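Here the structure is a predicted model, which means the values were calculated and not measured. Order of the sequence lines sets the chain letters (A, B, ...), proteins ahead of strands, with each chain counted from 1.
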Amino acid sequence: MDNFSTLIGGIAGDGINEAGITVARLFCRLGYNIYMYYDYPSLIRGGHNFSLVRASSKKIAAHMDQIDILIALNQETIEKHAVRLKDSSFVIYDADKVMLEGITQKGCGLPITSILKEAGAPAVMKNTCILGGYCKVVGINWSILESVLKKHMEKKLEQNLLVARQGYDQAIESYRIDSLSSKIERNPLPIITGNQAISLGLIKAGLGAYVAYPMTPSSSVLDFMAKFGPQFGIKVIHPENEIAVMLMAQGFAYAGVKCAVGTSGGGFCLMTEGLSLAGMAEIPVVVVMVQRTGPSTGLPTYTGQGDLNFILSAGQGEFPRFVVAPGDAEDAYYWSAVALNMAWKYQVPSFILSDKIVSESQYNFELAGAGTVEEEATQQWSGQGKYQRYSFTDNGVSPMAFPPQKGQAIKTDSYMHDEFGITTEDAMLNKKMTDKRLLKERYLADDLERYEAVKVLSEGNGESAKTALLCWGSNKGVCQEAAEKLGLRAIQVLVLSPFPAKQLKDALQGIERLVAVECNATAQLARLGGFFGFEIDDRILKYDGRPFSLNDLESELGRRGI
Amino acid sequence: MDNFSTLIGGIAGDGINEAGITVARLFCRLGYNIYMYYDYPSLIRGGHNFSLVRASSKKIAAHMDQIDILIALNQETIEKHAVRLKDSSFVIYDADKVMLEGITQKGCGLPITSILKEAGAPAVMKNTCILGGYCKVVGINWSILESVLKKHMEKKLEQNLLVARQGYDQAIESYRIDSLSSKIERNPLPIITGNQAISLGLIKAGLGAYVAYPMTPSSSVLDFMAKFGPQFGIKVIHPENEIAVMLMAQGFAYAGVKCAVGTSGGGFCLMTEGLSLAGMAEIPVVVVMVQRTGPSTGLPTYTGQGDLNFILSAGQGEFPRFVVAPGDAEDAYYWSAVALNMAWKYQVPSFILSDKIVSESQYNFELAGAGTVEEEATQQWSGQGKYQRYSFTDNGVSPMAFPPQKGQAIKTDSYMHDEFGITTEDAMLNKKMTDKRLLKERYLADDLERYEAVKVLSEGNGESAKTALLCWGSNKGVCQEAAEKLGLRAIQVLVLSPFPAKQLKDALQGIERLVAVECNATAQLARLGGFFGFEIDDRILKYDGRPFSLNDLESELGRRGI
Amino acid sequence: MNPMDLATYGKNTWCPGCGNFSILSAIRSVLAELDGQMQSIENVVLVSGIGCHAKIVDLMNVNSFYSIHGRVLPVATAIKLANPDLTVICFSGDGDSLAEGLDHLVFAAKRNIDVTLILHDNRVYGLTTGQFTPTSPLGFKGKSTPNGSFEHPLNPPELMLASGATYIARGYTHGIGLLQKLFREAILHKGFSFVDVLQVCVSYNNLYEAYNKRTYELKDHDASSYEEAQKVIRSWNYDGSDVPIPLGKFYEADARRLDQAYRGSMPNALDRDNSISELLENFI
Amino acid sequence: MNPMDLATYGKNTWCPGCGNFSILSAIRSVLAELDGQMQSIENVVLVSGIGCHAKIVDLMNVNSFYSIHGRVLPVATAIKLANPDLTVICFSGDGDSLAEGLDHLVFAAKRNIDVTLILHDNRVYGLTTGQFTPTSPLGFKGKSTPNGSFEHPLNPPELMLASGATYIARGYTHGIGLLQKLFREAILHKGFSFVDVLQVCVSYNNLYEAYNKRTYELKDHDASSYEEAQKVIRSWNYDGSDVPIPLGKFYEADARRLDQAYRGSMPNALDRDNSISELLENFI
Ligand SMILES: Cc1ncc(C[n+]2csc(CCOP(=O)(O)OP(=O)(O)O)c2C)c(N)n1
Ligand SMILES: Cc1ncc(C[n+]2csc(CCOP(=O)(O)OP(=O)(O)O)c2C)c(N)n1
Ligand code: SF4
Ligand code: SF4
Ligand SMILES: [Mg+2]
Ligand SMILES: [Mg+2]
């Protein structure tokens, strides 16, 4: 079995996210790769949530429209997702709540509400119960479910096991998912979101403080840091607003503590003034910027890639910045570590430009496979002579020192300043300091040649490899898969600033038709490419808040004769 | 006499700006055109300020390095500006304070301090006294100075006239400035800054409220509005910070009052979140954004053009905006009125992107010559049926209505919304509303064909017209003049969004070498042009906070063999 | 007018049991009642921030401006200045107006602008699923403070009193009669009115039990006295202790209002043109 | 250490007669004196906003962070949290910390973070040449309010008291002895210290005469009493009236501080790698 998709739907409060993760874990234990898309509106109880878990023998990072199993905790789930059913699909549902009218596919109703009542279990255990039934239906051994529950149920394990078992016993086997474990030589992998991977990458590269004001879809970085940060000595702060966030980051950096902040569009707006300060005062800071549907409040829990232009030029004045857009959890881990390193190596702001899909989707994650990255040393002051915070050097990078330093004053300044850090309005010095700051971008760009800043995801084959898909961020998975299927080349631009024009040129060798695939309405990467002389022939754009499914992209490509 | 430059220098507090304006007024009465550059550091008393007033028979908007008369209220003025003296130049100075050592040019020292003492006049009258001497030296009749002082001295007129007369009497005539009034058939023109012209343009198009938090070099719009706004029924508010400014603007617009805000880089950063709200909620707002040297606090009183990229993409998500960069006071007046009209016609944010030079320089201003512009009617709701704030229409513009409307609810929303203005997370509607908003940009772009969004400042002549200078904002004057002198074409891009690609293409007919002239370090207009397929061959950039003088530009062009 | 006439087709997405339902119902009946009496409904404008609280405007068939997080008050202030005949009512959250937008709250009070702010003070960030806010008690365990928050809470009515608010009251979402009374008073009060509503968030900070036990309605309180107001306000400081929690009107005073400052109307285009020409004369 | 050792080559660009000179001289002598006693000078970090006041950091040969308008306190808070052994002193203006950055001021007090804020309260925007600020009296004629401002001033010490500040005092730039005393106390105080300095701006708001006549130094004031503090603070409300203006320490208390909350140090790279691997186990 190559692909198996399960959708579980219900209302917010039904634990749909957790249920999806459990399904993902089951498949992971069987040796599959998984990808889970989680779809939810902006509310706390009610509404319609669903998790779409796809398992595959190959590494994946995209979902397909059609599903093999539909798990419905309520009627709305059936109504909304019946279109996804194939002839061979199967529906598992709460027989006390849901009616299967008009559905021709096979199904199995479980009296969830009754089972829970009998067991004296609270309503939140619905999902455990139905997952019991699910395991039976798809032929996953009870022992696997049992071990997953034992590991992850923090509360009321016994009762959960009881209702799961009831579900398992009352369902009928209909599929037989084979374990892949014999084929793939590996232990089950952890399943994490992009935001968790970002957090781990930052920690790996020596993060000392994380400051954020909650904002979907970036908040789970704050959650993670608040929970696990202390064991890494990380100071985690949730202050009054995003302005304070950005300025606190600069206070930490001044004192020598590596700091990151996290937000989404509206919160980032409030950070732009502090960003420009970081640019002028050459203060390293990492911004985890997770895109959602804009403008303004927009759709807080849905995705978009509408903020690229903004990020590239945010803040008054001109100063270099490092911007990377990871495409999945492993990218996220690796490049977040790199982003923190780059920030401190070049004393510039660094962006991890994510989107809701990368940040909140679940991926199986292999630390070893994500690439080796270590904390890099910051260029420290030698301790000789009088310290000058902004000393002129060959590459524009001035060695750092942090207070206290006996006999020295370490001075940082948002005004135009001299080498020591004292304000000056001198015309020549102004030009010279501007050149110094911009010089760092050149060295940063050179440094990037060591990295795969542009990645060829699929080489394509034969004739059709004259066409390439160009993507960034979460469209990595869907482009790679479509390209492999159709024999196209697929190219992911990971670093967006400094723009890796040379690497992109190399990756495009022989390509005659270039198709940008983006989740925005104005094709921002295509436009950026235009700057550097890359001509984009087609644009496939989606901007309804939802990610491309593999089918969406394939049919769009078909429509264009590709 | 074609050109005559006067520089007056002293410390902050000496009234150098006012003295320069007085000189400008004198020449204006003689029938000359004038341009005055005012240079001052960020402090209140002390330091070095100077006004450089250039008079010319032609219309001008640039200064030249060399001067004809140097008026020195202190020694520093001599030290700093001696290099500007030609053999024929003349120095007028306070003989009680200044020594003319090492200066070979002719000069005339007046015992200013003694004169003031004798007259019992306060130190602030120094400038009036020396201007008396100046008039004698350059041969401007006493009656002209007298009439200017009578008109503009609000306080202590008699005493001012007395010390001016003393200066006049004790100096010696050395030049004879001829009146041009016989040649140019016009009454003396008002002399105003770009910021005052912006204010008048906004007033002309029906401004009802102006909200701003002070920030150099935009503050003088607030000053002007606070002083003169009430007589036009304009509500002028200076609130707690720029966030409040931007949000107040939206409250005013919601209630039907046309509103503008003003700021510079750092303050604009704080407005970006509200800007995105305006984009989503389709709320008209005009932002007067005056650039200074960045990043961050930078050089508050010096110029720059480093914020173009930022303005074009500020705010999360995608929405249309109108951006115009006037190049002098008449542009500023005309286009500010257009900007307010466009904001309300298309319900989009509109930017008047100025810079310190346009905003704080003095220009002679001819209302009739600035172009005819009237307040345009906003598309109002018909009053029929149920009002829908976001109704779908052919051009994306939904008719407006303002509370109270009997029986109606007028709903505005920062979330994705339906036609009525109620939040929705529906995918199709999301796409449709995004299309609606972006559609407005197309109509706005079409509308712009009625305007000279790109202006050919100089046609050039013969062979050399194969080369064109491309500029925006305050480099208009210097490019026009250099081009006329060298027979080049000079092209000013006035509208930067929607980008007038067609008009620019037309303007570039026959051009083989295109030279961008900008006051920033990364050639932002050139880069923007690159997006639209315009290839820039050379970049002449200045980013030390000071504007190009005509000589600066000419010698840079010379260096490039142009 | 029937309160239900003020409903829309917008779907109510609050959690079952949420205190916001009481606020919705109270404001609907107060506005329905005032319509025809003092202020007809089309003259009312509602402004909200972002948070669970803010969803209320989608549920009211009344003019509204659904603003951004923390920014209710500048919007409301400008609407009132634009047209002083409008009645402007703000719905805000404790994260919204005490963290993100605290400065605007203090300045609205300082300016004594004639708008009403109803604070849905659930002492937690509801919509972002449970972080501590400025009114959460010391030691609050939320998502951003899993081991307990480190900060003492603010006392919003005390801050409002120090900032110049001229109507200050506290309500509780179990107690709709009092809520209605306070909303009515606050709306009719001329000047900045602040109603701190102890709004229970059943999902992230269910304080029904504590509030039911500890709240009491003020009797014989002299709301015209600053000192008395302060005393009663400071009798409970939003921490976890066991002291009684007073409800009712704490303070009311009469003072100069910003909306009285701007007068004068706009000239017609011709007069404007003439004035511009005249004005330019000054610059010759 | 001689106070003049703390000077730099930075040029002093304040107006002759500006009150900022007194603050500069007072802070230099206090820091020179404390060096060697409590806190050696390299452990001191100065933070400023933007305004005339802020130029002070360019004149001090001491660690400094010249920040942006209104944002002294988040920077200072983070520096203190990063390294609690540092002594952090903020210089801010009335526009800076009471308008642009008011929220941070309230939160610094709420958190009782152990930093000192010296407010150069000239009751005007100096550097932007004379607009009204939150402490300008009603009717102040500045550039943005040529016909007089419409708003009553805030009373900053009152706001600080309501927000949780644990050291509150007022000084005056004519009176360098008292300034020194208050700066020393404020710096040595553990917790958030707020010193409101009546700093005269000779160019835009010259109040020397009024202050000379009306200020008096507190005697026998019980600074440990909240009620007493409040009474004396409220005895003058920054308006134009003729009442006496108290100077001195208004309030001092001991309370939990945010900088006590974060402990623990960072592991070495190897331990970190191991912990990451272990942590990932939870997600299998
Ligand atoms: C600038 C900005 N930052 C963060 C957010 C995310 N956000 C939305 S609602 C909310 C908190 C809401 O808390 P509160 O104001 O107390 O309202 P409640 O949900 O509790 O009613 C936050 C932080 C946002 N929308 N905008
Ligand atoms: C975001 C932002 N807005 C506005 C300004 C312009 N600005 C510089 S100083 C200042 C006011 C300073 O007033 P205050 O804080 O009272 O300091 P003072 O000059 O009186 O010492 C302003 C508004 C700025 N630098 N940044
Ligand atoms: S999360 Fe809390 S405040 Fe929000 S709707 Fe649910 S109960 Fe109400
Ligand atoms: S403007 Fe005022 S505060 Fe600024 S330096 Fe001058 S006197 Fe001092
Ligand atoms: Mg809340
Ligand atoms: Mg001030």
What heavy-atom pair brings B:I44 and D:G126 nearest, and what distance separates the two atoms? CD1-O, 3.6 Å
Heavy atoms, side chains only, cut-off 4.5 Å: are D:P16 and B:R45 in contact? yes
What option among B:M215, B:E240, B:H238 has the most heavy-atom pairs under 4.5 Å with chain D? B:H238
Among residues 54-69 of chain D, which ones touch chain B with a heavy-atom distance under 4.5 Å? D:K55, D:S67, D:I68, D:H69
Whether over 12 other heavy atoms sit under 6.0 Å from B:K151 NZ: yes
Using side-chain heavy atoms (C-beta onward) and a distance below 4.5 Å, is B:L43 in contact with D:W14? no
Toward chain D, the part of B:L270 with a non-hydrogen atom under 4.5 Å: side chain
Heavy-atom pairs under 4.5 Å with chain B, option from D:V202, D:T129, D:T128 with the top count: D:T128
Under a 4.5 Å heavy-atom criterion, the part of residues 135-153 of chain D in contact with chain B comprises D:K143, D:S144, D:P146
Honestly, the part of B:S296 sitting under 4.5 Å from a heavy atom of chain D is side chain
Tell me, side chain or backbone of D:I50 under 4.5 Å from chain B's heavy atoms, or both, or neither? side chain
Identify the heavy atoms of D:G95 and B:Y213 that sit nearest to each other, and give their distance. O-OH, 3.6 Å
